[in-house]
Amino acid sequence: MSLIPHFFGNRRSNNVDPFALDVWDPFKDFPFPSSLSTYFPEFSRETSAFVNTRIDWKETPEAHVFKADLPGLNKEEVKVDVEEDRVLQISGERSVEKEDKNDAWHRVERSSGKFLRRFRLPENAKMDQIKAAMENGVLTVTVPKVEEKKLDVRAIEISG
């Protein structure tokens, strides 16, 4: 049994996506202040939003389907691009809530900042027919697959 899927966030498969550009801070959950954000404050908010953008990638017989949980965002704040080398890029930005002088914040856990995820699409993806839709904070990107050619088998009569 592999420890890798559990160790990296309890992923549903044992496949590791080498093209996902996740930033991983191994000291994030430790009780001492040795996180990347301690030494590089400019990473603190943006890295948090970047890492917490969860995306599922499912393959059906007809398509590759990506689903991203983006609560509180509307479609104008999200961007879906496809690069020439078959890379699907999902990015956006969560805005910081405006502060009022009279507000007393007790806890801030919702992340804000920019996020970016990239996936290299397989050869069977129809790059010109990709569609994206956003409903109830869930972005769904559908990448149709090229139909596999089925071998035409015909019986040959044997003489003799």
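It should be emphasised that the depicted structure is a prediction, and the values quoted were computed from it without experimental measurement. Numbers for residues simply follow the sequence, beginning at 1.
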Would you please classify the geometry between the Phe119 ring and the Phe66 ring as parallel, tilted or perpendicular, with 30° and 60° separating the classes?
tilted
Could you go through the side chain to side chain contact (heavy atoms under 4.5 Å, CB included) check for Asp85 and Arg120 one step at a time?
CA-CA 8 Å; Asp85 51 349; Arg120 182 164 315 276; 4.0 Å; yes
Rounded to the nearest 0.5 Å, what separation is found between the CG atom of Leu139 and the CD1 atom of Ile55?
7.5 Å
Hey, what do you get for CZ (Arg118) to CD (Glu83), rounding to the nearest 0.5 Å?
4.0 Å
Ile130 versus Leu121: any side-chain heavy-atom pair under 4.5 Å?
yes
Enter the distance from Ser91:OG to Lys114:NZ here, rounded to the nearest 0.5 Å.
9.5 Å
Using the rule side chain to side chain donor-acceptor pair (under 3.5 Å), only one of Glu59, Glu123, His64 pairs with Lys145; which is it?
Glu59
Criterion side chain to side chain contact (heavy atoms under 4.5 Å, CB included) on Val87 and Val82, from CA distance to verdict
CA-CA 6 Å; Val87 175; Val82 178; over 6 Å; no
Distance (rounded to the nearest 0.5 Å) between Thr53 OG1 and Arg94 CZ:
4.5 Å
Please round to the nearest 0.5 Å and tell me the distance separating atom CD of Gln129 and atom OG1 of Thr142.
12.0 Å
Run the side chain to side chain contact (heavy atoms under 4.5 Å, CB included) check on Val138 and Thr140 step by step: do they pass?
CA-CA 6 Å; Val138 177; Thr140 302; 4.2 Å; yes
Cluster check Leu88, Met127: I/L/V/M/F/W/Y, side chain < 4.5 angstrom
yes
Measure the spacing between CD of Glu93 and CG of Leu73 and express it to the nearest 0.5 Å.
9.5 Å
So for atom NZ, which belongs to Lys79, do other residues, nucleotides or ligands contribute more than 12 heavy atoms lying within a distance under 6.0 Å?
no
Within the supplied structure, the quantity of interest is the number of heavy atoms (other residues, nucleotides, ligands) at a distance under 6.0 Å from Glu76 CD; does it exceed 12?
yes
Determine yes or no for a side-chain-to-main-chain donor-acceptor pair under 3.5 angstrom, with Arg86 supplying the side chain and Ala125 the backbone.
yes
Verdict with reasoning, Met134 to Val78, per side chain to side chain contact (heavy atoms under 4.5 Å, CB included)
CA-CA 9 Å; Met134 187 126 169; Val78 179; 4.1 Å; yes
List the atom of Pro144, the atom of Ala63, and the distance in Å for their closest heavy-atom pair.
CA-CB, 3.9 Å
Can you find a pair of side-chain heavy atoms, one from Lys131 and one from Val143, that are under 4.5 Å apart?
no
